[in-house]
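Quick one: structure below, then a few questions.
Counting starts at 1 for both ligands and their atoms, following the listed order. The residues of the chain are indexed from 1 along the displayed sequence.
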Amino acid sequence: MTDPVKNYVESFMAGLIARNPGEKEFHQAVREVVESVAPYILDYPYLKDLKIMERMAEPERVIIFRVPWMDDRGQVHINRGFRVQMNSAIGPYKGGIRFHESVNLSIMKFLAFEQTFKNSLTTLPMGGAKGGSDFSPRGKSDAEVMRFCQSFMTELQRHIGQDTDVPAGDIGVGGREIGYLFGQYKRLRDEFTGTLTGKGLAWGGSLLRPEATGFGVCYFAQEMLATRGQSFEGKTVVVSGAGNVAQYAARKAMDLGAKVVTLSDSDGFIHDPDGLNEEKWNYVMQLKNIYRGRIKEYAEKYPNAKYYPGERPWGIPCDIALPCATQNEIEAADAEKIVKGGCGCVTEGANMPTTPEAIAIIQKAGLLYSPGKASNAGGVATSGLEMTQNSIRQKWTAEEVDAHLHRIMSDIHAACVKYGKDESGNVNYVKGANIAGFIKVANAMVDQGLV
Ligand code: NDP
């Protein structure tokens, strides 16, 4: 980093931290972007004069609200709801809803900020947002989850709409929750529109939306591997998480000829040295999506697999690592293990799963590494395709959606290469994704004046 770039970054971050004290995930996400785009901003001083980066790091609107609900025993609970509408320069706000006990304003702002760049990379007209609550569906009955979703939507519906803000799922928000949220939205607004994505197939959903994030992660990894003449065929793959993204990343990796040897949840991970197969994958789908069980039950069902309570899977040797659980799940010590285990490619399925220190270790060791905002963009891209199908009141085939998804992931990869390739031919996907995502939003903001 040159001195002027360093000065710009440090003075920007000092201002941001002073304005947003204690929001460490938000600081982390913004720093990563500012470090990448600072040289570009200094090359085009009008961007600095117009304070484009300062405006991008200030949400257009933050809504925080009370969500009261009653459990099955008649006890009253109060949770906090959030919607961060970060940037609408290139389209209506778009971004998932997360229900997890860890949700707070910092996590919502980091996710909404990342979403702005990710949505820009998809080439589709979508602004950036994120929402959620510190409510966890884990251990709750269907009736409790429904009452919570209805209460949450009773307030959120005032702030969203098909041309304003279109939420989707994220951690803790899958098909069941989207159904309850959509039902309440429709009831209160008396309209059947595409205001939420990830809907059921019978009521406006798109084929392949559940699969899209995980499949897209593997399509992106394929492109990365191809830059070194490699593929998934015969490779050992370590996956973290056991939710939506992990399930379909594992599925596609298997279909592409790889051996997937781990899955995890917040309690621990399983290592199956034989790898997942069709039957085991179907078991995981039922376990997680129907019975809402824990991943340790996999090792009870398949005795060749071992369960490691309280641990992450990064010590298992592999060729490809796909972190698909949550933010900051690969710390520096985990990165050392990944490198030592012979891994050649880390493709992020989760949002910001790798800490800055861990990214530095992985990049220094020469591994291929892509940030989630590029490699997991297939989910929101397919949500964009769901919005298009809702608007034109048509339904595309799975093959049509998959073809769009494949093309979008290739285009995102090409954009990362365009802005991230150095003289030696190495691609810095962090730099590439951040600059490519930034330019489009920045230009739109300049065009639209000081708003
Ligand atoms: P799910 O809720 O379906 O699954 C999340 C998985 O991660 C679960 O196995 C969960 O375990 C685990 N997990 C959650 N929190 C933690 C934690 N603090 N420590 C360890 N494990 C944890 O979510 P998704 O699969 O939808 O999302 C996973 C990641 O992908 C998130 O970062 C999300 O933002 C990102 N993403 C999701 C998209 C989508 O389309 N769904 C699109 C783009 C990004 P447990 O059951 O124990 O909580």
For atom 18 (N) of ligand 1, which protein heavy atom lies nearest, and how many Å away is it?
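Answer, as residue, atom name and distance: T326 CG2, 3.6 Å.
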Passes ring-ring contact (aromatic ring centres under 6.0 Å, His included), Y429 versus H413? Steps please.
CA-CA 8 Å; Y429 288 89; H413 186 269; 5.3 Å; yes
Could you tell me if the ring centre of F182 sits under 6.0 Å from that of F192?
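That pair passes the under 6.0 Å test.
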So which heavy atom in the protein is nearest atom 2 (O) of ligand 1, and how far is it from that ligand atom?
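The closest heavy atom on the protein side is G172 N, 2.9 Å.
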Which atoms of ligand 1 sit under 4.0 Å from any heavy atom of A350?
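Near A350, the atoms of ligand 1 are 29 (C), 30 (O), 32 (O), 35 (C).
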Nearest to atom 9 (O) of ligand 1, what protein heavy atom do you find, and at what distance?
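Nearest neighbour among protein heavy atoms for atom 9 (O) of ligand 1, to 0.1 Å: A242 N, 2.9 Å.
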At under 4.0 Å between heavy atoms, is it the side chain or the backbone of S264 that contacts ligand 1, or both, or neither?
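Within the 4.0 Å criterion, S264 contacts ligand 1 through backbone atoms alone.
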When you look at CZ of R19, are more than 12 heavy atoms from neighbouring residues, nucleotides or ligands closer to it than 6.0 Å?
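No.
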As an exercise, identify every atom of ligand 1 less than 4.0 angstrom from a heavy atom of C324.
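Once the distances to C324 are compared, the set is 28 (C), 29 (C).
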If you take the nearest heavy atom of each of V173, D170, V245, which one is closest to atom 33 (C) of ligand 1?
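Closest candidate by heavy-atom distance is D170.
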For the residue pair T116 and G128, what are the closest heavy atoms and their distance?
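The answer is OG1-CA, 3.6 Å.
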Measure R98 to ligand 1 on non-hydrogen atoms and call it side chain, backbone, both or neither using the 4.0 Å cut-off.
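Near ligand 1, R98 shows its side chain, while the N, CA, C and O stay back.
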Can a side-chain donor-acceptor contact be found between Q75 and D71 if the only test is distance below 3.5 angstrom?
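Side-chain D/A pair, D71 to Q75: absent.
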What residue and heavy atom of the protein are closest to atom 39 (C) of ligand 1, and at what distance?
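Ranked first by proximity to atom 39 (C) of ligand 1 is T213 OG1, 3.4 Å.
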For V67 against S151, the heavy-atom pair lying closest together
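That closest heavy-atom pairing would be CG1-OG, 3.6 Å.
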Give a yes/no on ligand 1: does R312 have at least one heavy atom closer than 4.0 angstrom to it?
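False for this residue.
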Note the single closest protein heavy atom to atom 46 (O) of ligand 1, along with its residue, its atom name and the distance in Å.
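Result for atom 46 (O) of ligand 1: R294 NH1, 3.1 Å.
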For ligand 1, does S102 get within less than 4.0 Å through its side chain, its backbone, both, or neither, judged by non-hydrogen atoms?
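No part of S102 is near ligand 1 at this cut-off.
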Answer with yes or no after comparing the ring centroid distance for F135 and F148 against a 6.0 Å cut-off, counting only values under it.
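They qualify: ring centres under 6.0 Å apart.
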Just going by heavy-atom distances, which of A168, G243, P323, A325 is nearest to atom 12 (C) of ligand 1?
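The nearest heavy atom belongs to A325.
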Please test K373 against E114 for salt bridge (Lys or Arg N to Asp or Glu O under 4.0 Å), starting from the C-alpha separation and ending with a verdict.
CA-CA 6 Å; K373 65 169 75 77; E114 291 266 298; 3.3 Å; yes
Where the closest heavy atom to atom 48 (O) of ligand 1 is concerned, which of P210, S266, G216 has it?
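Closest candidate by heavy-atom distance is S266.
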Pair listing, ring-ring contact (aromatic ring centres under 6.0 Å, His included) test, anchored in residues 294-324, at least two apart:
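Every ring-ring contact (aromatic ring centres under 6.0 Å, His included) pair that includes a residue of residues 294-324, provided the two are not neighbours, is F269-Y308, Y283-Y302, Y298-Y302.
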Checking side chain to side chain contact (heavy atoms under 4.5 Å, CB included) between F110 and each of K24, E25, H27, which is the one that passes?
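The residue from K24, E25, H27 that satisfies side chain to side chain contact (heavy atoms under 4.5 Å, CB included) with F110 turns out to be E25.
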When rounded to the nearest 0.5 angstrom, what is the spacing between NZ in K280 and CG in D272?
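Interatomic distance, K280 NZ to D272 CG, rounded to 0.5 Å: 3.5 Å.
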Which bit of R209 is near ligand 1, meaning a heavy atom under 4.0 Å away: side chain, backbone, both or neither?
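Answer for R209: side chain.
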Pair F65 and F82, ring centroids less than 6.0 Å apart
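Ring centres of F82 and F65 not closer than 6.0 Å.
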Min N/O separation Q327 to ligand 1 under 3.5 Å:
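So ligand 1 has no N or O lying under 3.5 Å from an N or O of Q327.
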Protein heavy atom at shortest distance from atom 3 (O) of ligand 1
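Minimum-distance protein heavy atom for atom 3 (O) of ligand 1 reads N244 N, 2.9 Å.
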Can you tell which part of H100 has a heavy atom less than 4.0 Å from ligand 1: side chain, backbone, both or neither?
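For H100, only side-chain atoms sit under 4.0 Å from ligand 1.
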Side chain, backbone, both or neither: which applies to N351 and ligand 1 if a contact is any heavy-atom pair less than 4.0 Å apart?
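It is both backbone and side chain that touch ligand 1.
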Taking only heavy atoms of N376 into account, list the atoms of ligand 1 that are under 4.0 Å away from them.
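Per the distance check, 43 (C), 44 (C).
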With a 4.0 Å cut-off on heavy atoms, does G349 reach ligand 1?
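Judged by the 4.0 Å heavy-atom criterion, G349 does count as contacting ligand 1.
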Which residue owns the protein heavy atom closest to atom 27 (O) of ligand 1, what's the atom, and how far is it?
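The closest one turns out to be I171 CG1, 3.6 Å.
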For the residue pair I97 and D170, establish whether any side-chain heavy-atom pair is separated by less than 4.5 Å.
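The answer is no; the side chains never approach within 4.5 Å.
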